[in-house]
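Read the numbers this way: they start at 1 and go in the same order the structure lists the ligands and their atoms.
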Amino acid sequence: MRRRLARALVLPLALAAAMPALSMGFSAPVAADSVVIGGFPVEASQSPWTVALSSRDRFGGTRAGQFCGGAAVGPTTVLTAAHCLDEDVLGGPPERVRDLKVIAGRTDLLSDRGGQEIAVRRTWVNPAYDGGSNAGDFAVLTLAEPLQGDSVIGMAADGDPAYTAGETATVYGWGDISGTGEYPDGLRAARVRVLPDALCEDAYPGGMDGTYDAASMLCAGEAEGGRDACQGDSGGPLVAQGRLIGLVSWGIGCGRAGNPGVYMRVSHLMRTLGWTRASEGV
Ligand code: ARG
């Protein structure tokens, strides 16, 4: 799993487009209209806490080196997925990637202007992250300079009603929009629903792709498929009731019926880090 995920990310985008089977594992492509699958364009200003992780060195300059998403929870604190910083993805430890940056406040990655590009000063990858089950898929980035304005989202702690199954949630990202390696220039969002844990326990009982663990993961999408996050969205925010509940983590294919998106559960991260407040470093 670990290798397959990583490969999906490091494939140059052009190559990924030409090799859909590789870029998305074993899954059949979903309908082209079907973030983010089944999504719609949004302006960065509508979700200023959504940031792009970038390294032009590693991923090329055409889309500003974007390779994952992230969520700003403090002026200098960004959350992302642990697997985004995997050595297989970055070609070495994250400290070695000299131009590792966060891009904030920029809708269109083709434009090299607008918003902020901020260097990552420190990366902390959850040491308990398990690339086999995908449990604990989070990392904390400390930025060299603060984000401008009010671009921080509050986190939903344990017991927050935003986690209730049936809640409407929105996922944001610059990831694949069709499951065939079709990467948009602009930020997109998709509306999904928080799904019952039992659904993901059934879908992902344990196997090559990962094991659903309700304590540390969150299941969201549409039972019938269609709307979902996809490759390149990892680390990005899932928001319900205006609070951060998940980070894009994994799934089988994208938007497939019976294979909902799996997110790292933000309350699990808060518990692990001993964070009790809704935002960090404010
Ligand atoms: N692992 C992917 C990434 O690195 C995210 C996959 C999410 N998949 C899904 N069906 N929700 O970008």
Side-chain angles (χ1 to χ4, degrees), residues 1-11 13 16 20 22-30 34-39 50-54 58-59 63 66-71 79-86 88-90 125 129 131-139 169-184 188-195 199-200 203-204 208-210 212 217-238 245-265:
M1 178 58 193
R2 196 171 177 178
R3 298 223 150 256
R4 197 164 65 72
L5 260 181
R7 223 183 292 126
L9 277 168
V10 291
L11 265 187
L13 300 185
L22 231 195
S23 71
M24 59 181 303
F26 316 113
S27 332
V30 295
S34 78
V35 199
V36 184
I37 309 280
T50 302
V51 303
L53 254 58
S54 140
R58 303 279 180 193
F59 302 98
R63 287 172 71 260
Q66 186 269 343
F67 66 98
C68 265
L79 304 179
T80 189
H83 81 259
C84 287
L85 302 177
D86 203 282
D88 291 347
V89 174
L90 296 178
V125 179
Y129 165 59
S133 66
N134 296 321
D137 191 10
F138 65 89
T170 310
V171 57
Y172 299 86
W174 287 269
D176 192 344
I177 57 170
S178 64
T180 62
E182 206 183 320
Y183 291 87
R188 298 177 65 87
R191 290 226 207 288
V192 292
R193 242 169 234 288
V194 176
L195 296 171
L199 219 131
C200 266
Y204 306 114
M208 280 202 10
D209 297 277
Y212 188 75
M217 299 176 189
L218 173 74
C219 187
E222 297 287 337
E224 66 280 15
R227 291 189 232 142
D228 196 3
C230 200
Q231 315 309 327
D233 290 320
S234 280
L238 178 70
I245 60 171
L247 301 177
V248 177
S249 181
W250 63 286
I252 295 183
C254 303
R256 301 200 321 179
N259 288 125
V262 185
Y263 295 77
M264 197 287 309
R265 193 181 282 268

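Side-chain contact between Tyr263 and Ile245 is absent, with no heavy-atom pair separated by less than 4.5 Å. Between Val248 and Tyr172 there is no side-chain heavy-atom pair separated by less than 4.5 Å. Residues Ser249 and Phe138 form no side-chain contact, since every pair of their non-hydrogen atoms from C-beta on lies 4.5 Å or further apart. Between Ser54 and Arg63, every side-chain heavy-atom pair lies at or beyond the 4.5 Å cut-off.
Atom numbering of ligand 1 starts at 1 in the shown order; those under 4.0 Å from a heavy atom of Gly261 are 11 (N). Each of the following atoms of ligand 1 lies closer than 4.0 Å to a heavy atom of Asp228: 9 (C), 10 (N), 11 (N). Set against the non-hydrogen atoms of Asp233, the atoms of ligand 1 under 4.0 Å away are 12 (O).
Remark: ligand 1 and Ala229 share an N or O pair separated by less than 3.5 Å (distance only, no angle test).
Heavy-atom separations between Pro260 and ligand 1 are all 4.0 Å or longer. Judged by the shortest distance from any of its heavy atoms, His83 lies inside the 4.0 Å radius around the atoms of ligand 1. Residue Gly232 places a heavy atom under 4.0 Å from ligand 1.
Taking CG of Asp137 as the start and OG of Ser234 as the end, the distance is 7.0 Å to the nearest 0.5 Å. Separation of atoms OH (Tyr212) and CH2 (Trp250) is listed at 9.5 Å; rounding is to 0.5 Å.
Under 4.0 Å from ligand 1, the heavy atoms of Cys230 that appear belong solely to its backbone. Contact annotation for Val248 and ligand 1: only side-chain heavy atoms (C-beta onward) come within less than 4.0 Å of the ligand. Residue-level proximity to ligand 1 for Ser249 is carried by the backbone, the only part with a heavy atom below 4.0 angstrom.
Listed here is the closest heavy atom pair of Thr170 and Ala189: CG2-CB, 3.8 Å.
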